[in-house]
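Proteins get letters first, then strands, A, B, ... in listed order; numbering begins at 1 in each.
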2 protein chains.
Amino acid sequence: MTSQPTARDRLLDAAEDLAAMQGVSVTPVDAILERARVSPATLYAHFGTKEGLITQALRRRLARWDTTWQECIEEAPTPEEKLLAVFTALSRHRHALTPSRWCVFLGVAAETPHPGRDLEDTLAADTRLLLHRLEELAATLVDTQQAPLLARRLVLIYTGVLGMILRGTDVDTATAEGRHIAGMTLHAAAGSTSSAP
Amino acid sequence: MTSQPTARDRLLDAAEDLAAMQGVSVTPVDAILERARVSPATLYAHFGTKEGLITQALRRRLARWDTTWQECIEEAPTPEEKLLAVFTALSRHRHALTPSRWCVFLGVAAETPHPGRDLEDTLAADTRLLLHRLEELAATLVDTQQAPLLARRLVLIYTGVLGMILRGTDVDTATAEGRHIAGMTLHAAAGSTSSAP
DNA sequence: GTCTATACAAAGATAGAC
DNA sequence: GTCTATCTTTGTATAGAC
């Protein structure tokens with residue numbers, strides 16, 4: 001056997017790669033079909049529309065990002081390093097996949113002013129995951145009241161790292177600088193908590 | 001007289017507004033023409049291509065952003081506040097113009113994988129301006145050796161603020177959080193400089 | 001400089017056979 | 001489930017007149 005991936009998987013691969021490399025709106029359906037070596041009818045039979053395909057590809061990518069991130073958290077020895085593991089995960093995630101210009105989720109969000117319900121929810125799921133997990137991890141380090149605030153700041157810094165990649169900064173350079181800033185933010189928050197009476 | 005703006009200006013206005021509100025690639029030329037109340041031939045006579053029009057619109061917008069930022073720097077009383085004035089300028093800039101989904105320059109960069117030479121240069125000019133001016137201002141506060149590093153970190157945080165807007169955070173909320181993080185980064189850099197022997 | 005009308009290419013999506 | 005062939009709409013850009 002050792003058959004090659006199904007047409008459905010090839011479509012998801014092609015859509016994800018092209019969306020990551022050059023964006024959705026500049027990628028015609030034809031380009032996805034050619035890369036996946038699949039006919040138009042097959043795409044529409046499986047996914048209904050181009051946006052449907054993109055949505056499914058993003059869902060799969062988000063699940064993989066989630067897995068990578070969780071692995072990095074488990075590997076981190078201390079609560080503080082678990083909180084900062086999001087930067088390790090970012091670097092690992094990006095080195096593992098097809099090179100992308102920056103963040104695929106933010107990229108699709110930026111070029112889709114009126115997404116359908118499913119796509120909109122998938123895009124929001126990325127932000128939700130970031131905020132939710134960082135808040136959980138933050139709660140092990142600072143006062144519960146302050147955890148949401150710290151989480152939002154870390155998402156801001158993480159998002160800044162992604163933006164710097166779009167501006168042309170090397171991934172590892174941007175990640176290192178983001179991690180540094182995040183470390184300071186973290187210590188400031190933890191310090192103010194523990195020093196308060 | 002009090003004649004209305006020329007067709008060229010109306011085209012620039014329309015292109016800038018639509019690029020800011022919904023992005024370039026989803027905005028057909030027809031939509032720009034309709035908003036500007038101008039015929040196709042006029043657009044191509046002035047700007048050659050759609051990308052030429054977008055490029056000129058971005059150049060004008062960058063010049064206005066530059067002016068706003070400089071005003072905020074002049075108004076700031078201390079060197080530290082001058083360095084943080086980029087956040088004041090961001091808020092002021094965005095409230096003064098047509099509502100945009102996030103940063104027009106990063107938005108166009110994100111959806112244009114292969115820009116022409118002029119557009120590419122215009123997009124890069126935004127990042128150059130940020131780095132260059134922040135480095136100048138940083139040099140008044142920290143060791144000259146450290147100024148570029150501090151400037152890069154501030155650009156990262158500033159870019160993070162923009163990204164948070166794309167994620168759905170309110171502009172003023174994101175700006176305030178960015179400013180807070182930037183203030184800490186700044187104090188850490190200034191502190192390490194002055195405390196070193 | 002600006003208009004009307006239109007050329008030409010490319011897009012997303014579907015029909016019908018196998 | 002997958003293919004070939006095609007339909008329809010929309011996109012950018014131009015021709016030629018005023």
Using a 4.0 Å heavy-atom cut-off to protein, can you give one letter per nucleotide of nucleotides 6-18 of chain C, 5' to 3': B if the base is in contact, S if only the sugar-phosphate is, - if neither?
-----SSBBB---
Kindly write out the residues that satisfy side-chain contact (heavy atoms from CB on, under 4.5 Å) with Pro79(B), not counting sequence neighbours, or none if the list is empty.
Thr140(B), Leu141(B)
Without decimals, in angstroms, what is the distance between His46(A) NE2 and dG1(D) C1'?
6 Å
Atom CD1 of Ile32(B) and atom C1' of dG11(D): how far apart are they, to the nearest Å?
12 Å
Applying ring pair (Phe, Tyr, Trp, His ring centres under 6.0 Å) to His46(A) and not counting sequence neighbours gives none
My understanding is that a hydrophobic cluster links ILVMFWY residues whose side chain heavy atoms are under 4.5 Å apart, including indirect links. Using that, what else belongs to the cluster containing Leu33(A)?
Leu11(A), Leu12(A), Leu18(A), Met21(A), Val29(A), Ile32(A), Val38(A), Leu43(A), Tyr44(A), Phe47(A), Leu53(A)
With a cut-off of less than 4.0 Å, is there a side-chain N or O of Thr42(A) near OP1 or OP2 of dT2(D)?
no
Using whole Å, report how far CZ of Arg10(A) lies from P of dC3(D).
7 Å
Which residues share a side-chain contact (heavy atoms from CB on, under 4.5 Å) with Ala20(B), sequence neighbours left out:
Arg61(B), Ser100(B), Val104(B)
Just checking Glu81(B): does its CD atom have more than 12 heavy atoms from other residues, nucleotides or ligands closer to it than 6.0 angstrom?
yes
side-chain contact (heavy atoms from CB on, under 4.5 Å) filter on Ser39(A), not counting sequence neighbours, yields Ala41(A), Thr42(A)
Length of the CZ-C1' vector between Arg37(A) and dC3(D), whole Å:
15 Å
Interatomic distance, Leu33(A) CG vs dT4(D) P [rounded to whole Å]:
11 Å
